[in-house]
Protein chains: 2
Amino acid sequence: MTTIYDIAKKTGFSITTVSRALNNYTDVSEKTKKKILEAVDEMGYYPNSIARSLTTKKSWTIGVIFVEDLGVGMKHPFFSAVIESFKQNVEALGYDIIFLSQNIGGEEKSYVDHAIHRGVDGIIVMCSDFDDVEVQKLIESPIPSLVVDLHSDKSSVIYSDNYRGSILAVDHLVELGHRNIAHIKGSEQTYAGLERLRGFRSGMEKHQLDVPSSYIADGGFFSYEGGYEAMQNILALGEKRPSAVFVSGDNMALGALKACKEAGVSVPDDLSIVGFDDIEISKHITPALTTVRQDTDLIGKKASEVLVHQINTRSRDYAVVMIPVSLVVRESTKAVK
Amino acid sequence: MTTIYDIAKKTGFSITTVSRALNNYTDVSEKTKKKILEAVDEMGYYPNSIARSLTTKKSWTIGVIFVEDLGVGMKHPFFSAVIESFKQNVEALGYDIIFLSQNIGGEEKSYVDHAIHRGVDGIIVMCSDFDDVEVQKLIESPIPSLVVDLHSDKSSVIYSDNYRGSILAVDHLVELGHRNIAHIKGSEQTYAGLERLRGFRSGMEKHQLDVPSSYIADGGFFSYEGGYEAMQNILALGEKRPSAVFVSGDNMALGALKACKEAGVSVPDDLSIVGFDDIEISKHITPALTTVRQDTDLIGKKASEVLVHQINTRSRDYAVVMIPVSLVVRESTKAVK
DNA sequence: CTGAAAGCGCTTACAG
DNA sequence: CTGAAAGCGCTTACAG
């Protein structure tokens, strides 16, 4: 591996001067700089970030942590979309992304230890679970951090306007003439599940609509299977079943759709369904899903801005960023018969 | 930040001894070790990997590169599933994953420079594109590397048995009585697209079945839209249209399905469809998709073994690993009328 | 069983 | 405009 010493030797300058030329310091003569850059090119040299980090105390890396109850990690459609956008944005600013686990050198360690170990400049946590103690410790550590999809007053947070999203969904259904609207909620251990449920209740209340307890079904941790089962419970209501269901996540809505198909209930003719997320597949299924769209590109972009700002300023003021959502009307909702 | 010097000062031992205790050297007395570990615990110390890497020349990081024509990055359903599995496997061995782009410090640089810069121990490239010059340079560099989904004799490679997968698909359709079988191919700039096409042709030949040129439609880079359009072309064949279509990727198959629905062609009653990949959604759509399953868990696992072996042995013998595929029969195929 | 010293490849005051 | 020296936080011969 070529080092700065090799370039120094080859050009006859000191490593100090080479370093300065490489870092675009102005106080290096053009001629010197040119000579050095030529040597760099010729020898295929590129400065070692590890050595640089050791002296500058800055690693230009951001740690990414996935904590979700499904255990799907990068296969999570919402989180992976957010991280992809986040990644592109921070890359443009010079940061690389490194995944942080609870595993260092094959041994179980805390996220905090892992972050210290890698010397990351900041951390983004994709977390749907309130109660994760390790995440709490991380958030409370002095390392700049940002949590996606969770509320906390110990750290900066970013999430969609879940509450408002639910209201949009309810408004849409009411506008179509629906009065009996059920909700398949996501786990109340998650902030999103909680907020969407709260929004649903408020929306219904606004229109002076009743929500019998049988109209709230639990879909668990936003899985296809959870939505499928919850919809089966709703369909089992028979005569008393609602004419529309607002589902707290698209994956669950897909499962709900499947349950309807199996039961011979036509969507949207017999039952209208609204989802939440607008994952890739939602526009492609039949019927195409009416859903509340989360803007993953914007979440990733804003997240990068907030976290990098925090890194640069070492500010301890926590930001709370709420990203607007929008209703995408497709084929799964229809005016009530 | 606490360092090894703080621990040394606190315990009265030298940094040498502290280092040894931390690294589980046997030649440290139990008593000393205990005292040191207590101090470590108390002060919340964790060794800095950056300093360690600088002396050991080993970073315990593996670079990940995504190169695909759709530009979806981590949202790519196949690649993200492979990487998730790969990540879990290498983490257990002590490696962390860092994403490598063509961007360092906000400036455009090569993958090779980026890899040198970060001092990664090895690289895994998710690449569907033959012609990427930067990827070629990387593969030919001395850094241990492994390419997923591409063939090369300059580097270790791993991919599904695409050829055999196509044969399985054709066999299945022929068994159901189909004789007129079309293929929606993926781009021939990709290894997977090429191999699946080759397998399709061989399979048809094996059964002495003709493939008129109108029966090969181009779906491009495996996108939903590409499959949708390709299927429209096939349906436009009218009377002469096939009774079954083997599609080179599930996303394209979903698009193809949509085109059928719009055209009033019932799958599987009027037309049978087989996909390739078995992405998450395939089992959930209606009709559930018959498809050739790629074993992403196994690909990730084998990839970790091959790459880590290469890192450890510094071997220049390139491995070629082919992962078996299997046919998953669901609802989108049916005996010919 | 323990420690002093050198070195990994950089950057950054300090001096000229 | 350029260079000698110190230092970042570790590990590893070498010595005792």
Side-chain angles (χ1 to χ4, degrees), chain A residues 1-37 39-40 43-61 94 104-105 113-121, chain B residues 1-37 39-40 43-61 94 104-105 113-121:
Chain A
M1 205 82 296
T2 23
T3 71
I4 199 169
Y5 290 95
D6 299 319
I7 304 296
K9 192 178 296 171
K10 176 154 186 137
T11 58
F13 291 103
S14 71
I15 58 161
T16 308
T17 300
V18 174
S19 173
R20 275 197 282 250
L22 252 24
N23 288 293
N24 281 316
Y25 279 44
T26 49
D27 57 351
V28 180
S29 83
E30 274 309 314
K31 215 170 124 196
T32 304
K33 194 174 191 171
K34 190 161 164 253
K35 223 165 138 187
I36 289 174
L37 292 184
V40 162
M43 305 187 76
Y45 169 74
Y46 204 86
N48 177 327
S49 73
I50 294 175
R52 175 181 297 180
S53 298
L54 191 59
T55 92
T56 60
K57 307 288 200 177
K58 168 127 186 161
S59 68
W60 290 98
T61 57
I104 318 179
D113 281 348
H114 205 149
I116 295 176
H117 180 61
R118 285 297 179 190
V120 295
D121 298 330
Chain B
M1 205 83 296
T2 23
T3 72
I4 200 169
Y5 290 96
D6 300 316
I7 305 295
K9 192 179 296 172
K10 176 154 185 136
T11 58
F13 292 102
S14 70
I15 59 160
T16 308
T17 300
V18 173
S19 173
R20 275 197 281 249
L22 253 24
N23 287 294
N24 281 316
Y25 279 44
T26 50
D27 57 352
V28 180
S29 82
E30 274 309 314
K31 217 171 123 195
T32 304
K33 194 174 190 170
K34 190 163 164 251
K35 224 166 136 187
I36 288 173
L37 293 184
V40 163
M43 304 188 75
Y45 168 72
Y46 204 87
N48 177 327
S49 73
I50 294 175
R52 175 180 297 181
S53 299
L54 190 58
T55 92
T56 60
K57 308 289 201 177
K58 168 128 186 160
S59 68
W60 291 99
T61 57
I104 317 180
D113 281 349
H114 205 149
I116 295 176
H117 180 60
R118 286 296 178 190
V120 296
D121 298 330

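Just so it is clear: chains get the letters A, B, ... in the order the sequence lines come, proteins before strands, and each one is counted from 1.
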For A:Ser59, the side-chain contact (heavy atoms from CB on, under 4.5 Å) test, sequence neighbours excluded, returns A:Ser53, A:Thr61, A:Asp121, B:Ile50
The ring-ring contact (aromatic ring centres under 6.0 Å, His included) partners of B:Tyr45 (sequence neighbours excluded) come to none
Contacts satisfying salt bridge (Lys or Arg N to Asp or Glu O under 4.0 Å) that involve residues 16-33 of chain B (not counting sequence neighbours) are none
Note to self: Categorize B:Asn48 for me: base, sugar-phosphate, or nothing, with a 4.0 angstrom heavy-atom threshold over every strand shown.
What the structure shows: sugar-phosphate
Writing each nucleotide of DNA chain D 5' to 3' as (, ), [, ], | or . by Watson-Crick or G-U pairing under 3.5 Å yields |||.||||||||.|||
| task | Could you tell me whether A:Thr32 contacts a base, only the sugar-phosphate backbone, or nothing, with contacts defined as non-hydrogen atoms closer than 4.0 Å? | result | sugar-phosphate
The residue, A:Tyr5 or B:Gly12, whose nearest nucleotide of DNA chain C is more 5′ is B:Gly12
So salt bridge (Lys or Arg N to Asp or Glu O under 4.0 Å) across residues 7-19 of chain A, not counting sequence neighbours, yields A:Lys10-A:Glu42
side-chain contact (heavy atoms from CB on, under 4.5 Å) filter on B:Asp113, not counting sequence neighbours, yields A:Tyr46, B:Ile104, B:Lys109, B:Ser110
Residues at least two apart in sequence or cross-chain that pass salt bridge (charged side-chain N to carboxylate O under 4.0 Å, His left out) with B:Lys58, listed by chain then number, are none
In numerical order, the residues of residues 13-23 of chain B whose heavy atoms come under 4.0 Å of DNA chain C are B:Phe13, B:Ser14, B:Thr16, B:Thr17, B:Arg20
- Crowded around A:Met1 CE? As in, over 12 foreign heavy atoms under 6.0 Å? no
Residues passing the side-chain contact (heavy atoms from CB on, under 4.5 Å) test with B:Thr3, sequence neighbours excluded, are B:Tyr5, B:Asp6
B:Thr56 meets the side-chain hydrogen bond (donor to acceptor under 3.5 Å, both in side chains) criterion, sequence neighbours left out, with none
Contacts of B:Ser19 meeting side-chain contact (heavy atoms from CB on, under 4.5 Å) (sequence neighbours excluded), chain-then-number -> B:Ile4, B:Asn23
Span of DNA chain D engaged by chain A, first through last nucleotide within the 4.0 Å heavy-atom cut-off, is D:dC1 to D:dG9
